[in-house]
Amino acid sequence: MKKLVLLFALLAAPLATAQLLIDTPRGVVAAHDGRVELADRWRVDGVANATSIAASSDRVAVLDALHNEAVIVELASGRVTRVATAETPIAALFVSGELYVLARDARVLQHVGGASIPLAADPAFVRAANGRLYVYSRVDGVLEEIERDRVVRRATIAPFASDLEVDGANAYLLFPRDARVRVVDLRTLRVSDTLAAGAVPVDVALAGGGSALTAPILAVADPSAKRVWLTEGTQSMTQAVARGFLRGVLGLGLFANRSSEFPTGIDRVVARGSRWLAYDSSSGTLYRVTRQKSTVVATGIAPGAYALTAGGIAFWQNGRVRIVP
Amino acid sequence: MRRVLLLLALSSSLLAESRIASDFELAQMEKQLATAHGFEAQLSGHANLGDVRAARNEPSLASREYRTAYDLAARERLDARRDAQLARYATATSYAALAAAKLHRDAEAFAFAEEAVRYASDDAETWNLYASAMRILGYPRKAVSAARNAVTLAKKPLDVAVDQYALATALLDSGESAEAETLLVKLTESLRSERFASLRNDVARQESFEIYSSAHGDVAAYVSLLNRAQLRLARLYEERGRNELARRTYERVLDARSDDATALAGLARLATSSDERERRFAEAFEANPFDRELVAQYRAFLHSSARATPASNGSTGSEVRRAIAQLVRGESRAARETLDALLAKFPANETLRTLRVEAEHANASIAALPSPNPTAAELRALRDGYDALAPEQRVALDAMTFTSLATFESAQVANAQTTLASGTIYGVAFRFSEPTIFAGTFDTSAPLRLTYRILGVTRAGDEDALLLEPVRVEGGR
């Protein structure tokens, strides 16, 4: 029986069904079936094919990368603003209340209501830290720092990273082919460290740590090894001295032997504080991950149709948002 | 993987351009597929068959092949993930994107394409397939961007050429024809240059000329790529009114393959005489009788040239031309007969079905019965719409007599009697149900005044004719 259930789950890989969830101060917002919905508050027309979602304290933005459109919805009222974007808007980000949209095939970062900032070839990821935006372009392997709608610094790191995360001090670029995380010091915009990261890592999340005395923890999804690797990001000299050692390569740090195994592999990982989720795009399986074990939360879930909330795990299943502790 | 990918990438532009595959060739392809092993061979086989079916305007059969390709790719994705082989997973996901695109599942194709580049953004083929999927779905700017990445990443000369072709076609779809032309000129010159001499020798040695949407090996890829690139360039020249360059480029295509339907149709459009145009169209129809664009162009040609219905040599191409000519001449009954015979051989063909519907609907155009002295237009309308007459119209028609000046084809005169059988009234053919003897001697070198009833529509030689019951014949004045 178990085999049958697993087979069903594998065949139900819901890559194309576009439901996206995001946690906001007013609750979980879902984009689904051409609508955007905040349960029990409002339900408005969205985009035809929701591909990405972002939220601020008072707004949510839903992108349709296929049709080059964005809808922005005010959380309090459900009031909608529609925006035509440049070609293929793949990511959005609110910074100090301003919305930025990364339009990959137009090679621009659009400040909605402001400037369009030209970028290097194949801009794939945008992140924010310290009031600045960081865009990584895959084919050129370039990391660009943007301030006041201008590229103020640009550094060639290496091409073909599969993910980017930034904290206040560093950017972490994940490279599947050589199974490395390159750590870029945001002060110098230079690679300060290179960390081993499993066999074929494809997704990275900042998973806690990063205090005055501890290095940030990186959770790395490695579908080839069918594991989430936990490793430390670069620690400052102060942190290292305070703890009495310098971190070594993967497996020699704090979290040796604490990786989790997944039957079908996982390729996405998200974190909120010390809580982590892992996801397998091929089977649509969502896992809860701790340092000790992993458990299946749900199957048949679309990529992006889940979120970590203050109260638990939200996911879209059977036509509605479910939240489990 | 490599060559399969190359040709799938080409396939999006093949649909309306391919030479038609005969039933025999299709059977051969299906036989090859039955013995093919492995994901790539199976997938390319089904995608190829789907493209061939689509080129034959058999969309339901094409969809069936694409669905099979899609299912294969979906299974391969899961197997690859289970086996922790991520390059294989990325490849299968790219193919899933392409198959989904061919099935017009836009959102799904986009999601698969994005998933593939998450794993293989450093892979030219992945971007090439991304571009192909977006072109099929009608998102040319996305295709341009993906194809640019592919060109940047490709290393081997033939791979670069394939990606340049993908970029050029996407640029054309985006309306950026200046850059596309530059690329196509560079590409076709490169393919004919010394750089590819060794490959050309292999082509000659293997006597390779088939244009597949999916095939294995550099030779097949080279042949297909050169063919497509030249056709694209020729069409671009033609659109820009550079007819001599266009003609030369189409002729280069024919140097490699004399039955290329697209090149022949291009040369027909560029022909300077009506006879040459008819000849080129005939050749094009022999190569692909079901191409909708070709049908439309031939129809326009017939409208403008008022040519006679072409003689059929029994081939499918000539029969389709004949049906089109019959439709143009308003001979819907004859067209229906021709098309019904063709549909018996090609029951899933959408081009034939469309023409058949048209022939059927031509009947519905009759609004009123002819006047007592009918005009040519009234008689033609009745002939073409006879089958669609309402029952009360038929009753009314049976009670009516008409009088017209009729030109008889021949007459037999004997014993002060004249036997008449058939002729034309204002160019509209008619015949009696049987030769009829009239008292008196009539000179049929001039029109005679014929009073008649209309019984129906029949065939007279090669065309539709009114079936008449004569009431009387008088000398014409």
Side-chain angles (χ1 to χ4, degrees), chain A residues 6-7 9-11 13-18 48-52 64-68 86-88 90 103-107 121-122 124 138-141 158-163 175-177 199-203 222-227 263-268 280-283 302-304, chain B residues 70-71 74-90 92-93 96-97 100 103 105-124 126-127 130-131 133-134 137-153 170 174:
Chain A
L6 177 63
L7 182 65
L10 291 176
L11 291 174
L15 198 59
T17 44
N49 180 46
T51 50
S52 183
D64 181 341
L66 200 52
H67 302 107
N68 305 332
E87 194 69 40
T88 319
I90 55 166
R104 185 186 61 205
D105 294 334
R107 297 185 182 182
D122 189 30
R138 273 184 306 212
V139 169
D140 283 353
F160 314 126
S162 64
D163 199 8
F175 293 86
R177 290 281 186 209
V200 187
V202 293
D203 200 31
D222 182 351
S224 178
K226 298 184 178 179
R227 287 166 184 264
T264 53
I266 52 94
D267 54 70
R268 292 170 203 261
D280 173 18
S281 301
S282 70
S283 64
Chain B
Y70 175 91
D71 292 342
R75 268 200 301 277
E76 177 74 359
R77 289 183 70 232
L78 289 170
D79 290 347
R81 280 295 292 268
R82 227 180 267 120
D83 298 344
Q85 294 180 359
L86 296 188
R88 188 177 142 210
Y89 172 73
T93 304
L103 290 166
R105 300 179 186 172
D106 292 30
E108 202 171 356
F110 183 75
F112 279 131
E114 286 290 305
E115 173 76 351
V117 295
R118 279 185 75 213
Y119 287 83
S121 65
D122 57 347
D123 182 61
T126 301
W127 284 112
Y130 193 126
M134 291 303 109
L137 294 176
Y139 299 104
R141 291 187 180 280
K142 296 185 200 307
V144 166
S145 177
R148 283 194 200 285
N149 289 343
V151 170
T152 302
L153 297 173
S174 300

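A quick note: this is a predicted structure, and the numbers were derived from the prediction, not measured. We name chains A, B, ... by the order of the sequence lines, and we start the count at 1 in each one.
Formation of a donor-acceptor pair under 3.5 Å by the B:R118 side chain with backbone atoms of A:D267 is found in this model.
Minimum interatomic distance between A:P223 and B:A84 (heavy atoms only, all atoms of both residues): O-CB, 4.4 Å.
Contacts of B:R148 with chain A are made by side-chain atoms alone, with heavy-atom separations under 4.5 Å and no backbone atom involved. For chain A, the nearby part of B:L153 is the side chain; its heavy atoms alone come within less than 4.5 Å. Contacts of B:E114 with chain A are made by side-chain atoms alone, with heavy-atom separations under 4.5 Å and no backbone atom involved. Both the backbone and the side chain of A:A65 have a heavy atom closer than 4.5 Å to some heavy atom of chain B. For A:V139, the part lying near chain B is the side chain, with the backbone staying farther off; criterion is any non-hydrogen pair under 4.5 Å. The contact between B:V117 and chain A is made by backbone and side chain atoms together, counting heavy-atom distances below 4.5 Å.
Here OG of A:S224 is found 13.0 Å from OH of B:Y89. Values are rounded to the nearest 0.5 Å. The CG atom of B:D106 sits 8.5 Å away from atom CG of A:N49, with the distance rounded to the nearest 0.5 Å. For the atom pair A:D280 CG and B:L78 CG, the distance stands at 8.5 Å (nearest 0.5 Å). Note that CG of A:D122 is 9.5 Å distant from OG1 of B:T152, once rounded to the nearest 0.5 Å. Here A:D64 contributes atom CG and B:F110 contributes atom CZ; the two are 8.0 Å apart, rounded to the nearest 0.5 Å. With values rounded to the nearest 0.5 angstrom, A:T88 atom OG1 is found 3.0 Å from B:K142 atom NZ.
A 4.5 Å side-chain heavy-atom check between B:E115 and A:S281 finds at least one atom pair inside the cut-off. The closest side-chain heavy-atom distance from B:D122 to A:P159 is not below 4.5 Å.
Each of A:L66, A:V202, A:D105 has some count of heavy-atom pairs under 4.5 Å with chain B, and the biggest count is that of A:L66.
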